[in-house]
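Okay, structure first, notes after.
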Amino acid sequence: MLVAGQKDMQQLDQYTMERIGLPGVVLMENAGAKVVEEIMNSLPLEQAKIVVLAGGGNNGGDGFVIARLLADKGIKTLLCVLVDVEHVKGDAKVHLDVYKNRHLPLFELSKNTLENLKKELNIADIIVDAMLGTGVIGAVREPFSEVISIVNDYGKEKLVMSVDIPSGVSSDTGKVEGVAIIATKTVSFVLPKKGFFLAEGPRHIGEWKVVDISVPLLAIQELGLTLPILITKTLVKSSLPVRPPHGHKGTFGHVLIVGGSRPYVGAPVYAAKSAFFSGAGLVTLAIPENIYPMVATQNPESLLLPLAEQDGHFAEHALEELLSRLSTFTSIAIGPGMGRFDGGERLIKNLFTSLAKQSIVLDADALFFIRNQLDMIKHYNGDVILTPHPGEMATLLNTTVYEIEANRLDVAKDFAVNNQVYLMLKGHRSIIATPTGEVYINPFGNDALGKGGSGDVLTGLITSFLAQGATPIHALISASYVHAEAGEEQAKIFSQYGVTPLDTIDGIRKELIKLS
Ligand SMILES: NC(=O)C1=CN([C@@H]2O[C@H](COP(=O)(O)OP(=O)(O)OC[C@H]3O[C@@H](n4cnc5c(N)ncnc54)[C@H](O)[C@@H]3O)[C@@H](O)[C@H]2O)[C@H](O)CC1
Ligand SMILES: [K+]
């Protein structure tokens, strides 16, 4: 499933209406009819009262269609137009006239009071939000902002169904300047919008669904639109590494995890366990020798490689004894719990100059150590995967977290293309970008993973799938999905508060059962 922004939708609309001649009023009728279908499935409607809040643009036009079709089904419906009806133009005006020709109840806020509108909303069971769609610009103005606040004050008392996008949310950025509807459900047309998965978008869309309104999706290729790809379970099932039944541990690869330091003993343990428990044939865990005893007791399933340490971290030359053996590893992850220390840059440089072609995952402070060595990364002849959270991304780009979060899709894509790496920009709705500029969005996951160790589990999972033969993009797609779903599922048992990295590792195995 692809994800669209405002300009993409405008191009698709124009193509449909101008190139193939399907009139906008037909699209609007289709849009309204599909929303009504969703409403009919939402509640026992015999006694239900529905208020349709309509703006002055085409989103409002959808609302006119919805109100008419509901009324024609005998459902108690009130259409409330928040702008002066004289200002309604084009396709929306056609449908407003059709509504009026049916002599159906019409509440015009411009000729009434907000108090009276509030009285109508108080007795409604369902509120349809057809105020603003992809055409919203900037902070929502009066009277929309007041009406939106009234609707949001009802909280979960009423079912709020947003048409195309919750009013006030930017379809491109997910930003909300001022107020925006908090929807119970969003019924969106043609494609999900980028804003659903960015900034405040996820908190406003509620349960979302996309409906077809006869805009031909094949037009996307014909228009040459390159759109982000939404990660779905179907996509993941075809991305997971294949495990031949006759496979042996050599078939499923040998993972090397390099990490750990005196303050961070758990991180490498979580990464190694995650790699092992998600199917890697063998896992070697290279840690500074000072934490070897603690790690050994917690990681009986891994081969342990204590290396030279200095002041509780790896010594600068620590990997020397490892470099001659690098070819025994299928995929390598460096960084979990590594910490920052003098000589870290050189340690990473030595590793890269000694690597053959293995895929390498860089996480945590390994990302700090490469911030001034991106040229080396770019020219490495194997696949490099970076998994920064926004703070680590800000360090890599020498900018602020605010700048990163304000433009997640482009930041991830530009960095991946400019540095020829695979990048997973972590966060609520992770973004994955490839060296060729493809962008994927992971719509899964919740705050249960918001704690130390979750990232280490993800690093181990990615490295494990690489070792089992997945390509970098397939490893990232499947690991980000499985990791997020594991967190969500385990939160149902331990609450969002209580999910630990080991619970997530356990959850990963449960997800892998569901996917196999
Ligand atoms: N192919 C499709 O997806 C179809 C989508 N449809 C619907 O059309 C809207 C987009 O309609 P558009 O007229 O471009 O814009 P909106 O109705 O979203 O809003 C424009 C409307 O709102 C006013 N406005 C803009 N910014 C603000 C603000 N900050 N505060 C207050 N008012 C604002 C502006 O003046 C206009 O009056 C799409 O979302 C779908 O719902 C078609 O119906 C069918 C095909
Ligand atoms: K809307």
Side-chain angles (χ1 to χ4, degrees), residues 4-20 22-35 52-66 81-96 109-110 127-149 151-152 160-172 175-196 201 204-206 208 210-217 219-220 223:
Q6 191 204 24
K7 285 192 175 44
D8 308 314
M9 291 313 303
Q10 281 172 344
Q11 289 191 65
L12 285 168
D13 282 356
Q14 268 161 9
Y15 175 91
T16 307
M17 293 185 270
E18 292 160 23
R19 202 96 65 87
I20 59 175
L22 189 58
V25 287
V26 171
L27 297 178
M28 199 168 277
E29 185 73 15
N30 294 348
K34 286 292 177 79
V35 174
V52 177
L53 295 168
N58 286 337
N59 196 245
D62 298 341
F64 304 151
V65 174
I66 293 164
V81 183
L82 304 188
V83 298
D84 184 336
V85 292
E86 300 312 311
H87 294 163
V88 178
K89 305 271 180 285
D91 297 338
K93 182 175 181 330
V94 170
H95 282 292
L96 181 57
L109 184 58
S110 57
I127 296 171
V128 176
D129 157 30
M131 293 180 271
L132 298 167
T134 55
V136 71
I137 301 164
V140 171
R141 298 189 295 272
E142 294 303 348
F144 292 86
S145 47
E146 281 178 304
V147 176
I148 288 170
S149 301
V151 173
N152 285 347
V160 179
M161 186 167 283
S162 281
V163 175
D164 206 26
I165 191 166
S167 296
V169 176
S170 161
S171 55
D172 278 334
K175 278 190 193 142
V176 170
E177 296 178 43
V179 289
I181 285 286
I182 298 170
T184 318
K185 189 164 188 173
T186 298
V187 179
S188 198
F189 307 127
V190 190
L191 294 170
K193 307 306 183 276
K194 287 177 183 173
F196 286 12
H204 284 264
I205 58 172
W208 60 272
V210 172
V211 292
D212 172 12
I213 59 171
S214 303
V215 170
L217 287 181
I220 292 168
L223 291 167

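Order of listing sets the numbers, starting from 1, for every ligand and every atom in it. In what follows, every heavy atom counts, from backbone to side chain, and hydrogens, waters and symmetry copies are set aside.
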Could you list which atoms of ligand 1 come closer than 4.0 Å to a heavy atom of [X]?
X      : result
Val136 : 25 (C), 26 (N), 29 (N)
Met28  : 43 (O)
Asp13  : 1 (N), 2 (C), 3 (O), 4 (C)
Gly133 : 16 (P), 18 (O), 39 (O)

Quiz item: Any idea which protein heavy atom is nearest atom 11 (O) of ligand 1, and the distance to it?
Solution: Asn58 CB, 3.3 Å
Select the closest option to [atom] among [options], judged by heavy-atom distance.
atom                    : options                  : answer
atom 3 (O) of ligand 1  : Met9, Gln10, Gln6, Glu29 : Met9
atom 43 (O) of ligand 1 : Val88, Ile148, Asp62     : Asp62
atom 30 (N) of ligand 1 : Glu177, Arg141, Met131   : Arg141
atom 15 (O) of ligand 1 : Gly135, Ser171, Gly57    : Gly135

Please classify the [X] to ligand 1 contact at 4.0 Å (heavy-atom distances, strictly less than): side chain, backbone, both or neither.
X      : value
Asp164 : side chain
Ile213 : side chain
Ala130 : neither

Quiz prompt | Under 3.5 Å donor-acceptor, Asp84 side chain and Ser110 backbone | solution = no
Quiz item: Is there a donor-acceptor pair closer than 3.5 Å between any side-chain N or O of Thr186 and the backbone N or O of Ile205?
Solution: yes
Practice problem: List in chain and number order the residues that pass side chain to side chain contact (heavy atoms under 4.5 Å, CB included) with Pro216, two or more places apart in sequence or in another chain; answer none if no residue qualifies. | Solution: Tyr15, Thr16, Ile20, Ala219
Quiz item: Can you tell me if Ser149 and Glu146 form a side-chain donor-acceptor pair at under 3.5 Å?
Solution: no
Quiz item: Can you check whether Gln6 reaches Met9 side chain to side chain, under 4.5 Å on heavy atoms?
Solution: no
Quiz item: With a 4.0 Å cut-off on heavy atoms, is Gly55 touching ligand 1?
Solution: no
Practice problem: Compute the minimum heavy-atom distance from Ala139 to ligand 1 and say whether it is under 4.0 Å. | Solution: yes
Quiz item: Can you give me the OG-the K ion (ligand 2)-O angle for Ser167 and Leu132, to 10°?
Solution: 70°
Quiz item: Given atoms OD1 of Asp129 and O of Val163, what angle do they subtend at the K ion (ligand 2), to the nearest 10 degrees?
Solution: 140°
Quiz item: Can you name the salt bridge (Lys or Arg N to Asp or Glu O under 4.0 Å) partners of Asp164, sequence neighbours left out?
Solution: Lys193
Quiz item: Are any non-hydrogen protein atoms located under 4.0 Å from atom 34 (C) of ligand 1?
Solution: no
